[in-house]
Each structure stands twice: as structure tokens, then as C-alpha cells.
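What follows is a short report on a single structure.
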Amino acid sequence: MRKVHMKRGLIAFAVAITVGGVVSPVVPVNAATGYKTVSTKSIKKTAYHKKSAKGAIFNKRHTRKVINLTAHPHTTWYATKQATLKHGKTKGIYFYVRNSKSSVKGWIWHGYLKKGKAPFTLTKARAAVAMDAKTGKVVWAKHANTARPIASVSKLMTLYLTLKKIDGKSRNWNHKIKITSRGLVSMSRSAAYGGFHFKLNHKYTVRQLYYAAFLDSSNNSAIALGQWVGGSNGKFIRKMNAQAKAWKMGQAHFVSASGLENSDLRQYGYAYGKANANKVSAKDVALIARHLMTQYPRVLKDGKIGSMKVNGQVCHNYNNLLKGRKYYRASLKVDGLKTGYTPLAGYCFVGTGQKSGKHRVITVVLHDENEFTETRSLMNHAYGMRSMNN
């Protein structure tokens, strides 16, 4: 609500309009003398949301402001009372409103509100999408077709191509990969870029590198897998781009198997291509996840593993929507899938779950600040759509 500066004791209104024969102020004044109640009645609980950038909630006498509406830009307010308030010679219609949690409540001029629930939105993520995994249909989107850096979410493509080469054959899972690259060993020991430690000339099985890359988001393990799949780092990245093209992902472009940017990979000898980062749209990330889960459903079982020992090292799953984690919600049935972060990409997360009676949902948030809370909101919104019903 816009403030009006005036001498104590004076009464002022910026604009007054007549609504149903009652003159209502557009900008009420937080006056020390307060408002008088002409009449009050209970009304059927009705949903409203913010109509414009103006407005504030007050106590009934308007001697204390509760909060500006701009502090709750996407909130649904529920009105349960209506009052005619008088200030000087001017009368106005006001609603008593609460938010859904009843943590904010008070009186507001009716003209600042619009009937109906507030449109759903995510305020932090720069791009996001919710996809029906069964149909492939996007059920909600925010800048979903804009290619952005995706950090370790890139590993979903690496895992897909790895599982494609394994082709369900146990001998491939047990195939041993010898680490001869000092660059990968150095990367594995880095506090910023490592995680799963490599020993020079040590052999790791494909299975071990798969879990290290998937659960622990090990960059060096992802690169080692890529070299096994493609024959070299460069050949594997070309496979990533070829697969994206085959899936008709026109804007997707990969320069690394891990999701690290070339500006970080260069010191380890693994920079590739002219671009600095993998860039994929939120919609295309969801499509990669859908292909991965559809063709290799084992990733849903593997994605639920909270932590496991791999070659004597603990690999920790950073998905904090899993059971026992801070952001877990039993109703969402989350069983995947992949986190990611670099300063350039921000916090990225691909989530998936299947609520009882609903189709499986795939959610993607890119360059987020609260990736797990916003994913929860996005999943709840998607599950609420009729098209997601079995």
C-alpha cells in the first residue's frame, strides 16, 4: 500500500470510487484515529488473490499494518467476513482474510483482491517443468524451452549411454576400467570437484563407477564411464550430442560427461569444444529423464538408495526428498532422480515420483535457490491436475 505523508489528525484518500453505492478508498490511510465499523457479516469462505501491486492488510481499526500484499505475491487469501468501515465521511467494503496456513490474517479493502485462487508459480527457479512421465506431456512450465547450464544433471545422459552399452549383461557390469589419467586422480582428490577418490593405475568395475557417478555425483567417475563407452572423452561427448539430436533436442549441447564447465575441466586436461558449459532446456532434461526411466527402470530403484559403500568409500545420495531426509514428504512418493550444482548453473534438480492413483511425474528445476522446496510445490501442483489421474 502506498504511504501518504500528512500532518497528524488530517484525513486523506488518494482516490475514491463508488462500489455498489458505497464510496471505497483505493489507498486507505494508516491513521492514528482508526476506522469505525458500520456493519460486519460472515460470508461463505471465498478464495481471492492479489489484483495489483498495491494493497496491504491491516487490523480492523487500521491503526496497525499487518503486511503489504507485495510480501506475498502469489498467495491465495480466504475471505470469511465482510465489513463496511467508515473513516471520516467515507465508507468502504473490506474483507477479513487469512492465508492457507492462517499465519497472516487481517482486513483489506476489497478492491485490492481478485476472486479466485492465485495462479501457481515458482519464484526462485529460472526455468522449470513438470511432465507426465506416462504421456510425455508437459503439464506446467516456466521458460521450459530455454537452454541453460545444467551442471551434474548432465550425468543423466551419461548414465543413459552407460546403461545402453551395458545392455543388461552382467559381464559388462563387472568389466574393469583402469585409471591411468593423473588428471582424473587429481580431480577425484579436489574438495570442490571430487568425491569418489581414484588411485592411479587402480581398476574399478563399471558397476562401481556407475554408483559413484549416480549417487555421489562423482565427476571423475562420470568421465571414466564416458571414456569406456565412447573410447575417449571427445568421442563420448559426440555420442551425447548425437543422442540428443536423435531425440530431436534441437537446443541441447554437451561439452562434458560430468556437467563441469570447461573453465573447471581445463586444469585437469578434460576441456572439450568451444562452449563453456552443457546447455539443455528444462523440457529436454525432463525428456532425457523420461527416456532413462522408461528404457532402464532400474534407475528408480537405484535412485532411492540413500548411501552405499563403493570400493570402501561411502557414496552419499544428495537427493533430500528421499525418506529420512530434511525435505521428505511421504505423500509425494519421490524415488529419484538427480541433483546438480555449479555457480554458473545454480541449484538444479530432476525429481520423480508416483503418487497413489496418479501418473508418474517428472519435475525439473534449473538455477534454483530452494530446489527441494520448489520441487515439492511443483509436484503437488502437478498431482492436483486431472490429466495426471490414472
Side-chain angles (χ1 to χ4, degrees), residues 127 146-165 177 179-196 198 204 206 209-210 212-247 249-282 284-285 287-289 291-292 318 337-350 364 366-367:
T146 302
R148 300 192 55 82
I150 61 170
S152 282
V153 164
S154 307
K155 292 184 177 74
L156 294 178
M157 179 65 93
T158 300
L159 293 172
Y160 175 87
L161 292 173
T162 298
L163 290 167
K164 187 176 181 179
K165 178 164 182 175
I177 299 172
I179 304 301
T180 59
S181 167
R182 294 184 183 275
L184 288 184
V185 173
S186 178
M187 183 188 298
S188 77
R189 301 286 170 169
S190 165
Y193 309 121
F196 186 75
F198 278 175
Y204 301 90
V206 168
L209 296 179
Y210 165 83
F214 192 179
L215 302 182
D216 209 45
S217 202
S218 167
N219 296 310
N220 44 290
S221 296
I223 294 170
L225 283 173
Q227 289 177 316
W228 173 68
V229 173
S232 72
N233 183 57
K235 287 180 180 178
F236 179 71
I237 293 167
R238 290 193 287 275
K239 275 185 174 288
M240 297 175 81
N241 286 310
Q243 187 62 72
K245 186 176 180 180
W247 285 335
M249 298 176 181
Q251 296 185 70
H253 184 67
F254 293 91
V255 296
S256 81
S258 63
L260 284 178
E261 288 98 30
N262 276 329
S263 53
D264 296 319
L265 289 166
R266 194 164 288 113
Q267 62 185 306
Y268 301 110
Y270 281 91
Y272 177 87
K274 294 181 180 179
N276 184 42
N278 294 342
K279 284 191 175 182
V280 185
S281 71
D284 285 347
V285 168
L287 287 171
I288 293 170
H291 282 292
L292 177 62
Y318 294 95
L337 192 61
K338 189 71 193 75
T339 59
Y341 172 80
T342 67
L344 178 66
Y347 291 99
C348 303
F349 181 61
V350 180
V364 178
L366 301 180
H367 207 122

Can you find a pair of side-chain heavy atoms, one from [X] and one from [Y], that are under 4.5 Å apart?
{"X": "I177", "Y": "Y204", "value": "no"}
{"X": "T158", "Y": "V229", "value": "no"}
{"X": "V255", "Y": "Y270", "value": "no"}

Carefully, step by step, assess Y210 and L215 under the rule side chain to side chain contact (heavy atoms under 4.5 Å, CB included).
CA-CA 8 Å; Y210 165 83; L215 302 182; over 6 Å; no
Is the backbone of [Y] close enough, under 3.5 Å, to the side chain of [X] for a donor and an acceptor to pair up by distance?
{"X": "N262", "Y": "A275", "result": "yes"}
{"X": "S186", "Y": "R182", "result": "no"}
{"X": "N220", "Y": "M187", "result": "no"}
{"X": "K165", "Y": "W228", "result": "yes"}

Could you tell me the separation between the [atom1] atom of [X] and the [atom2] atom of [Y], rounded to the nearest 0.5 Å?
{"X": "R148", "Y": "L366", "atom1": "CZ", "atom2": "CG", "result": "7.0 Å"}
{"X": "N219", "Y": "L260", "atom1": "CG", "atom2": "CG", "result": "3.5 Å"}
{"X": "T162", "Y": "L209", "atom1": "OG1", "atom2": "CG", "result": "9.0 Å"}
{"X": "L156", "Y": "L287", "atom1": "CG", "atom2": "CG", "result": "12.0 Å"}
{"X": "L159", "Y": "L225", "atom1": "CG", "atom2": "CG", "result": "7.5 Å"}

Intermediate values then yes/no, side chain to side chain contact (heavy atoms under 4.5 Å, CB included), M157 and V280:
CA-CA 11 Å; M157 179 65 93; V280 185; over 6 Å; no
Partner residues of S221 under the side-chain hydrogen bond (donor to acceptor under 3.5 Å, both in side chains) criterion, sequence neighbours left out
S218
What residues, two or more places apart in sequence or in another chain, satisfy side-chain hydrogen bond (donor to acceptor under 3.5 Å, both in side chains) together with R266?
none
Partners passing side-chain contact (heavy atoms from CB on, under 4.5 Å) against S256 (at least two apart in sequence or in another chain)
S258, L265, N278
Using the test side-chain contact (heavy atoms from CB on, under 4.5 Å), find all partners of A345 that sit at least two apart in sequence or belong to another chain.
P149, A151, T342, C348
Over 60° means perpendicular and under 30° means parallel, so tell me whether W247 and H291 are parallel, tilted or perpendicular.
parallel
Tell me if the OH atom of Y268 is crowded by more than 12 foreign heavy atoms within 6.0 Å.
yes
Residues 236-245 vs side-chain hydrogen bond (donor to acceptor under 3.5 Å, both in side chains), sequence neighbours excluded, gives K164-Q243, R238-Y272
Just to verify, which of S154, S152, S217 counts as forming a side chain to side chain donor-acceptor pair (under 3.5 Å) with K338?
S217
Under 3.5 Å, sequence neighbours excluded: what are the donor-acceptor pairs made by side chains of residues 230-237?
from, atom 1, to, atom 2, distance (Å)
S232, OG, K235, N, 3.1

